Amino acid sequence: MRALVVTAVGAESDSVLTGLTPHPDSPGPEPRTLPGSYPITRRDLPGIAFDVLVGGVGPAAAAAGTATALALAEYGLVVSAGIGGGFAPAAPVGSLVVADAIVAADLGAQTPDGFVDVASLGFGRSVHLPPAELAARAAEATGALLAPVLTVSTVTGTADGAAALAARHPMAGAEAMEGFGVAEAAAAHGLPVLEIRAVSNAVGPRDRAAWRIGDALAALAEGFRVLGPVLANWGERHEQHRGRS
Ligand SMILES: O=C(O)c1cccc(C(=O)CC[C@H]2O[C@@H](n3cnc4c(=O)[nH]cnc43)[C@H](O)[C@@H]2O)c1
């Protein structure tokens with residue numbers, strides 16, 4: 001199977017590639033660039049080949065980059081990966097969150113009765129669901145929290161904003177900016193999607209001094225060191241199953 005991993009920035013892609021490179025003395029092919037200037041790097045593991053793409057920050061950039069890659073090669077799985085904000089106390093800084101639901105949390109309308117999401121407005125989907133078995137296996141193998149991951153276009157920066165999101169999504173584990181865009185592009189190509197986030201900060205009042213991006217990037221690398229074989233096993237079984245259908 002070939003899997004496409006989509007990150008927002010190069011530092012996240014580097015962490016994913018570190019986790020997918022068991023033998024640093026023989027790392028594998030050099031990065032190349034897709035049309036639209038998207039850096040992409042291949043890593044082959046037993047039973048699975050990965051392409052790690054730098055798609056850009058935010059849902060629109062992520063969707064555009066993902067769709068560009070999916071139009072150029074055949075994949076069996078798409079993964080949105082990177083750092084994110086954690087909802088305390090369930091997802092502390094340095095921990096991992098695997099999405100059991102990828103939610104467009106601020107796509108919709110503000111009304112006198114509060115926020116109404118795009119699905120409730122009748123204009124499409126607000127949630128994409130990863131394959132339940134894959135998400136559960138990924139969370140178990142990496143020690144991640146299995147919970148909804150919210151996609152926002154504006155980073156939450158106040159306690160009121162965090163409380164409003166938590167009230168609408170009481171089980172949410174993390175907030176980030178790309179997952180739903182990646183998931184929409186994957187769905188357009190009929191592909192399953194997964195999202196994994198390494199927590200760099202708490203969702204709430206803006207406090208850049210409290211960020212632990214280095215810790216989060218290290219956790220992301222360790223997550224992918226473990227995740228590679230899990231995705232390979234799932235891919236082998238899933239493709240066998242699909243072959244029977
Ligand atoms: O300026 C700020 O206060 C601020 C706070 C948190 C994150 C940012 C970013 O611009 C990071 C965006 C980038 O990283 C992911 N990310 C990391 N933490 C969060 C978060 O709490 N909420 C949403 N996204 C987050 C995101 O996926 C982007 O790729 C700025």
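Keep in mind it's a predicted model, so treat the numbers as computed, not measured. All ligand and atom numbering here is 1-based and tracks the order in the structure.
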task: Compare all side-chain heavy atoms of Ile213 with those of Leu217 and state whether any distance is below 4.5 angstrom.
output: yes

message: Contact between ligand 1 and Ser200 is defined here as a heavy atom of the residue under 4.0 Å from a ligand atom; is it met?
response: yes

task: Would you mind listing which atoms of ligand 1 come within a distance below 4.0 Å of any non-hydrogen atom of Arg197?
output: 27 (O)

Distance from atom 6 (C) of ligand 1 to nearest protein heavy atom, with residue and atom: Trp211 CZ2, 2.9 Å

task: Check Val52, Val182, Asp51 against Leu4 for a side chain to side chain contact (heavy atoms under 4.5 Å, CB included) and give me the one that passes.
output: Asp51

message: Quick check on Val155 - does any of its heavy atoms sit under 4.0 Å from an atom of ligand 1?
response: yes

field: Identity and distance of the protein heavy atom lying nearest atom 14 (O) of ligand 1
entry: Ile83 CG1, 3.7 Å

message: How far is atom 19 (C) of ligand 1 from the closest protein heavy atom, and which atom is that?
response: Gly85 N, 3.4 Å

statement: The answer for which part of Arg206 has a heavy atom under 4.0 Å from ligand 1 is side chain

message: With the threshold set at under 4.0 angstrom, would you say Gly157 reaches ligand 1 through any of its heavy atoms?
response: no

Atom 28 (C) of ligand 1 [closest protein heavy-atom partner, distance rounded to 0.1 Å]: Glu178 OE2, 3.4 Å

message: Can you see whether Phe115 has Arg168 sitting over its ring - NZ or CZ less than 6.0 Å from the centre and within 45° of the normal?
response: yes

message: Could you tell me if the side chain of Leu77 sits less than 4.5 Å from the side chain of Leu231, heavy atoms only?
response: yes

message: Below a 4.0 angstrom heavy-atom separation, can you tell me which part of Ala8, side chain or backbone, both or neither, approaches ligand 1?
response: side chain

message: With heavy-atom distances below 4.5 Å as the criterion, would you say the side chains of Ile102 and Val193 are in contact?
response: yes

statement: re atom 23 (C) of ligand 1, the protein heavy-atom contact at minimum distance is Glu175 OE2, 3.3 Å

query: Taking the side chain as C-beta and beyond, is there a heavy-atom pair between Thr18 and Arg225 under 4.5 Å?
result: no

field: Crowding at CD, Glu140 (>12 non-hydrogen neighbours, <6.0 Å)
entry: no

statement: Within the 4.0 Å heavy-atom cut-off, what Asn201 brings close to ligand 1 is side chain

- line: In ligand 1, the atoms that come under 4.0 Å of a heavy atom of Arg208 are 1 (O)

task: Flag the pair Thr142 / Phe224 as yes when at least one side-chain heavy-atom distance between them is below 4.5 Å, and no otherwise.
output: no

- prompt: Of the choices Gly84, Ala198, Gly82, which has the non-hydrogen atom that lies closest to atom 17 (C) of ligand 1?
  reply: Gly84

query: Checking side chain to side chain contact (heavy atoms under 4.5 Å, CB included) for the pair Leu70/Val78: CA distance, chi angles, key distance, verdict?
result: CA-CA 9 Å; Leu70 295 181; Val78 187; 3.9 Å; yes

- request: For atom 13 (C) of ligand 1, grab the closest protein heavy atom and report residue, atom and distance to one decimal in Å.
  value: Met177 SD, 4.4 Å

field: Note: Arg197-Glu178 ion pair, threshold 4.0 Å (strictly below)
entry: yes

